[in-house]
Structures are given as structure tokens and as C-alpha cells.
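Worksheet for the structure shown next.
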Amino acid sequence: YFNEIIDAQASMFHTGRRALMLGDQPAQESPVAGQAYAFLLDIAGQDEASLNLDGLGNSGRDSSTLSVVAVDLSTLSTLQAPTYRAVKRVAWTGLNHLAVFGQIKAMADAWRPMYVAVDATGVGEGMWAMLDKSFPGKVLPVKFSQQVKSEIGWKFLAIIETGRFRDCCPTAEVDEQYLKCQSEILPGPAKTLRWGVKDGTRGADGQLVHDDFVLSDALCAVLDDLQWFIQHETVIIQGVDPLDLAEGNY
């Protein structure tokens with residue numbers, strides 16, 4: 001047997017996984033009639049260092065990010081789950097949450113998302129409260145902890161591996177965030193997945209690399225926990241009169 005020491009940490013989104021995420025349609029600046037959408041929101045201000053992630057988190061994140069995903073229900077019959085296509089991304093840097101909420105609400109009025117998954121950790125609670133008041137029954141809050149982030153990471157990888165997440169609006173910034181994202185499985189039966197862009201990571205241009213867009217995309221894992229079904233027109237099946245069946249048989 002050949003034994004080789006491997007790194008404890010590895011790239012979470014290697015070339016093979018990124019290939020599975022390739023978009024299969026153009027990006028969208030406006031909604032398409034008849035298409036279902038969902039909003040995935042990562043809120044700036046969360047300090048992941050407080051979650052005991054041992055450096056696999058970037059406490060310097062300062063952008064609130066939104067991933068608009070088109071929810072394709074055509075794969076329900078084969079994969080028993082929808083396919084998600086990221087068709088538009090928006091980032092807000094340096095804006096207070098009230099201003100960000102105003103823009104998100106304006107977008108939601110246009111796109112009419114079925115659900116809004118939002119990071120409700122720490123300062124994200126305020127955004128969650130405002131969104132929940134404006135869109136009752138549609139907001140899915142996520143309170144991050146080490147275990148919750150691990151579960152979301154595993155589910156997001158499962159979605160990617162089955163070809164159900166497509167990045168239809170890639171940019172150099174998004175690609176770099178995915179490239180720099182690291183993962184590590186902690187020892188123990190829980191198989192806790194610790195993942196993110198390490199604090200202080202810099203790109204080729206010397207600028208800090210964050211993981212805002214990766215986290216907002218990963219919130220599609222929350223959508224996967226919902227009960228999805230395809231609606232059909234109501235069909236009335238005419239019943240058979242049992243007396244007709246008994247005719248002549250007595």
C-alpha cells in the first residue's frame with residue numbers, strides 16, 4: 001500500500017464541481033412570465049469568528065449579497081427535487097440595512113419570489129423582521145451556527161453534484177470566491193463540514209476575497225427542504241353508479 005499525507009483542508013469547489021455548475025441559459029435582468037423565482041440573501045455584518053470556525057470564515061465581509069434563482073420544477077419527476085439557476089446577483093457595499101431593504105423590496109415587487117431565504121444571524125435579524133413583515137409566509141430565516149453551516153454546506157454540495165445548481169450569471173468576482181473557498185471535515189461521527197474563504201485571503205490583484213456570493217448561493221439548500229409539487233388543472237372523474245353494475249345480476 002502507498003500511504004501519502006494529504007492536506008487537511010481542500011478546495012471545496014474544485015474544477016469538476018464548477019463544471020457541473022455551468023449555466024445553461026443567459027442571465028436575466030428582469031423576470032420572465034410564468035417562471036418561479038426565489039431570493040437568497042446573505043447579510044453583511046455577521047462575524048463568523050464568533051462561531052468558532054477557527055479561521056475558516058471571513059469576519060471582514062462588508063457586502064450584503066442577493067442571488068436570484070429561477071426554480072425549475074421539471075426535474076421533480078426524475079430527481080424528486082427542483083433545479084436552481086442563479087440568473088441575477090446584486091451586492092450592496094457600505095449601505096445601511098434600511099436602504100438595502102428598500103432596494104430588495106422594490107426587486108421583490110418586480111420578481112415576485114415564491115420564497116426569500118435570508119441570513120438572520122446577528123444583525124441579519126433586523127432584515128429578517130422587515131422582510132417578514134412585508135412578505136408574510138414567504139421568508140425563510142437561517143440562523144448560522146457551526147452545525148447549521150455544516151448542514152447547508154453538505155446539502156449545497158449534494159445539489160451541485162446532482163447537477164441541480166446552475167450559475168447563469170458568472171463574474172470574475174464570483175469565480176474567485178468559489179476558487180478560494182476551502183473546506184475541512186472535522187474528526188468525529190458528526191462529520192462536521194467547516195467551510196468558507198479564510199480570513200485575510202487575497203486574490204491575484206491583492207484585494208481581499210470574501211465569500212458573500214458563495215454563502216447566498218448556498219442558501220438554496222434551504223429551498224431544498226421545502227415540499228415542492230407541480231400544479232395541475234382540476235380533473236373531475238365521473239363515478240360509476242353501483243346499481244348499473246348490479247343490473248341483471250340478481
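All values derive from a computational prediction rather than experimental measurement.
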Would you give the length of the straight line joining atom [atom1] of [X] to atom [atom2] of [Y], rounded to the nearest 0.5 angstrom?
X: Lys155; Y: Ile160; atom1: NZ; atom2: CD1; result: 14.5 Å
X: Leu208; Y: His210; atom1: CG; atom2: NE2; result: 5.5 Å
X: Leu95; Y: Ser64; atom1: CG; atom2: OG; result: 8.5 Å
X: Asp211; Y: Asp42; atom1: CG; atom2: CG; result: 7.5 Å
X: His14; Y: Cys181; atom1: NE2; atom2: SG; result: 12.0 Å
X: Thr192; Y: Glu151; atom1: OG1; atom2: CD; result: 9.0 Å

Kindly say whether [Y] contributes a backbone atom to a donor-acceptor pair with the side chain of [X] at under 3.5 angstrom?
X: Thr162; Y: Ala158; answer: yes
X: Arg202; Y: Gln207; answer: no
X: Thr65; Y: Ser216; answer: no
X: Thr121; Y: Phe144; answer: yes
X: Arg194; Y: Ile185; answer: no
X: Trp195; Y: Lys149; answer: yes
X: Trp228; Y: Leu223; answer: yes

Taking it one step at a time, do Val118 and Ile43 satisfy side chain to side chain contact (heavy atoms under 4.5 Å, CB included)? CA-CA 8 Å; Val118 57; Ile43 305 301; 4.0 Å; yes
Passes side chain to side chain contact (heavy atoms under 4.5 Å, CB included), Leu66 versus Leu40? Steps please. CA-CA 6 Å; Leu66 166 65; Leu40 311 176; 5.6 Å; no
Would you kindly say whether Thr75 and Thr83 are connected by a side-chain donor-acceptor distance under 3.5 Å?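 Yes, because at least one side-chain N or O of Thr75 sits under 3.5 Å from a partner of the opposite role on Thr83.
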Do Tyr84 and Asp224 meet the criterion of a side-chain donor-acceptor pair at a distance under 3.5 Å?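 Result is yes, a qualifying pair exists.
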[X] to [Y] - nearest heavy-atom pair and separation:
X: Tyr115; Y: Gly137; answer: CE2-O, 4.4 Å
X: Gly23; Y: Cys168; answer: CA-SG, 3.8 Å
X: Lys180; Y: Gly203; answer: CE-CA, 4.5 Å
X: Ser74; Y: Ser77; answer: O-OG, 3.6 Å
X: Arg164; Y: Ala81; answer: NH1-CB, 3.4 Å
X: Thr93; Y: Ser63; answer: OG1-OG, 2.6 Å

Restricting to ring pair (Phe, Tyr, Trp, His ring centres under 6.0 Å), what partner residues turn up for Phe135, sequence neighbours left out?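 With sequence neighbours excluded, Phe135 shows a ring pair (Phe, Tyr, Trp, His ring centres under 6.0 Å) to no residue whatsoever.
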Residues which pass ring pair (Phe, Tyr, Trp, His ring centres under 6.0 Å) with Phe213, listed by chain and number, not counting sequence neighbours: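 Once residues adjacent in sequence are excluded, Phe213 has no partner under the ring pair (Phe, Tyr, Trp, His ring centres under 6.0 Å) criterion.
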Going by the salt bridge (Lys or Arg N to Asp or Glu O under 4.0 Å) test, which pairs reach into residues 83-99, not counting sequence neighbours?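 Sorted pair list: Asp24-Arg85, Glu29-Lys88, Asp72-Arg85, Arg89-Asp167, Arg89-Asp217.
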Under the criterion side chain to side chain contact (heavy atoms under 4.5 Å, CB included), I'd like the reasoning laid out for Met12 against Gln182: C-alpha separation, chi angles, the key distance, then a yes or no. CA-CA 5 Å; Met12 186 171 179; Gln182 301 289 306; over 6 Å; no
Can you check whether Val87 reaches Cys169 side chain to side chain, under 4.5 Å on heavy atoms?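 The answer is no; the side chains never approach within 4.5 Å.
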With clusters defined by side-chain heavy atoms of hydrophobic residues (ILVMFWY) lying less than 4.5 Å apart, directly or transitively, does [Y] cluster with [X]?
X: Val32; Y: Val90; value: yes
X: Leu226; Y: Val222; value: yes
X: Val148; Y: Phe156; value: yes
X: Leu79; Y: Phe165; value: no
X: Leu157; Y: Leu20; value: yes

I would like to know whether Lys143 and Asp119 meet salt bridge (charged side-chain N to carboxylate O under 4.0 Å, His left out); could you show each step before the answer? CA-CA 6 Å; Lys143 288 187 174 291; Asp119 166 18; over 6 Å; no
For residues 100-109, run the donor-acceptor check on the side chains, cut-off 3.5 Å, and write out each pair with its distance to 0.1 Å, sequence neighbours left out.
| residue | atom | partner | partner atom | Å |
| --- | --- | --- | --- | --- |
| Gln103 | OE1 | Trp92 | NE1 | 2.7 |

Can you name the residues that form a side-chain hydrogen bond (donor to acceptor under 3.5 Å, both in side chains) with Glu176, not counting sequence neighbours?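 Testing Glu176 for side-chain hydrogen bond (donor to acceptor under 3.5 Å, both in side chains), a comparison that skips the adjacent residues, returns none.
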Between Phe13 and Leu179, does the side chain to side chain contact (heavy atoms under 4.5 Å, CB included) criterion hold? Intermediate values first, please. CA-CA 6 Å; Phe13 303 99; Leu179 178 65; over 6 Å; no
Within 45 degrees of the ring normal and closer than 6.0 Å to the centroid, is that where the cationic atom of Arg18 sits relative to Tyr178?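 Output yes; distance and angle both within limits.
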Could I get the full list of side-chain contact (heavy atoms from CB on, under 4.5 Å) partners for Ala36, not counting sequence neighbours?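 For Ala36, the residues satisfying side-chain contact (heavy atoms from CB on, under 4.5 Å) (neighbours in sequence not counted) are Val71, Met114.
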